[in-house]
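Have a look at the structure below, then the notes.
Atoms within a ligand are numbered from 1 in the order they appear, just like the ligands themselves.
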Amino acid sequence: MANYTLPLGSKMLSKQFTYGVATASFQIEGGVEHRLPCIWDTFCATEGKIADQSNGDVACDHFHKWSEDIDLIDSLGVDAYRLSLSWPRLIKEDGSLNEDGATFYINILDKLIAKGIKPFVTLYHWDLPQHIEDNGGWLNRDTAYKFAEYTDIVTKAFGDRVHSYATLNEPFCSSYLGYEVGIHAPGKVGKEYGRKSAHHLLLAHGLAMQVLKKNVPSAKNGIVLNFTPCYSATDDAADIAATQFADDYFNQWYIKPIFDKEYPAIINHLPKEHQPDIHDGDMEIIAQTVDFLGVNFYTRAIYKADEQEVFEQLEPPEPRTDIGWEIYPQAFTNLLTDLHSKYSLPPVYITENGAAMADQLENAQVNDLDRVDYYQAHLNAVNDAIEAGVNIQGYFAWSLMDNFEWAEGYLKRFGIVYVDYVSQTRTIKQSGLLYRDLINSRT
Ligand code: LGS
């Protein structure tokens, strides 16, 4: 394909629509000796947790290459860059600001601003300081208050440099993957942990929103949630009900409290010991108004009823990406229109969308036509949602560059820029070149 195409007159072809690229601190920074240990350092050091036994000690060495990386971002012509902050780099064990950590990010923010690139900053993209985990992590209610203190300190240090703050990235992943099934850090396993940690994460979000409103009222402040839309395998009533349960458990659980001030009704069907500890006033704190909602989308999931576990997820059909997730762009449009009809949404940003593909670097080029197809289809899926009336203001490709893909280590590549981890050379892939062309073609 010569170019990403969108229908003539699409809002996504106007300069009002924000295009960006996204990364996260632990996945790209390295520079491990300049920060406190976090739960992902510990998890990576645990036998059998990371597919290639790797860790985030060096990653893309962004800690040293940040300035060139911003030049690279600038060369793509994007309007915005979504990055996350490393809490263990910014806050010392006694709770005070680590000045060197603050300087690292201030330099980044200043260079972005100088280039006219808007910083979209996520305060928590999963790298919890290990000493906080040692105190119970997200199972301890106090962590929510610690997060609000961290938010207070960094927002004061950064002043008005940040265009948009997101409190959390994907609390589903932190709570369910990290504390219920244990495939992410800190690797705890137990149904009694999932909902409790989720509640403390959402409380952390609400408390941090209060701080953001006070300290940086002119920034656009909100949260980033991930959605894996749930489809029933058949028209059978039992399968449909099971799928509905899965949707409430995995998706609605994290958004409904924010916009409707309550958890999905399935909370009453969970055993008492699996339910969160909700204190008086918590739901009001969680349901602060947000300036934007960040939506991350990659794929859908198909379910059928299961007598023991309520629902069972089926093997994803073809076509699939290199990580095994089905490519099904229609679910993206449906998700966005569904959210729009269920909730009274603020402006929406697509804060992540992208695909892992088995890239080959040949003659200093990566001809990733499979990823190009993915972006082409998903950009159009977003356009369809806009046409259907959803207020979507921007789109961020995940990711700027290949990086540490959590439990998959460095084996799965999501970048629109290829990273050679031996030489730390960056090469813009075909998908990235076309992204640049799309962005530059706007009027
Ligand atoms: O790198 C992460 C990307 C890659 O895929 C990023 O740090 C996260 O914010 C985000 O979770 N990311 C991601 N998520 C895809 C989740 C899809 C799960 C589908 C499983 C059903 C088959």
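- Of the options Lys429, Arg426, Arg371, Lys412, a salt bridge (charged side-chain N to carboxylate O under 4.0 Å, His left out) to Asp402 is made by Lys429 and by none of the others.
- Closer than 4.0 angstrom to ligand 1 sit non-hydrogen atoms from Gln27, His125, Trp126, Asn169, Glu170, Tyr298, Thr299, Gln313, Trp325, Glu352, Trp398, Glu405, Trp406, Phe414.
- The minimum heavy-atom distance between Phe414 and Tyr298, with the atom names listed, is CE2-CE2, 3.7 Å.
- A cation-pi contact links Arg195 to Tyr249, judged by a cut-off of 6.0 Å to the six-membered ring centre and 45° from its axis.
- For Arg413 and Tyr418, the positive end sits near the middle of the six-membered ring, less than 6.0 Å away and at most 45° from its axis.
- A cation-pi contact, defined as under 6.0 Å to the ring centre and within 45° of the axis, is absent between Arg82 and Phe396.
- Here the two rings, on Tyr179 and Trp138, have centers that are 6.0 Å apart or farther.
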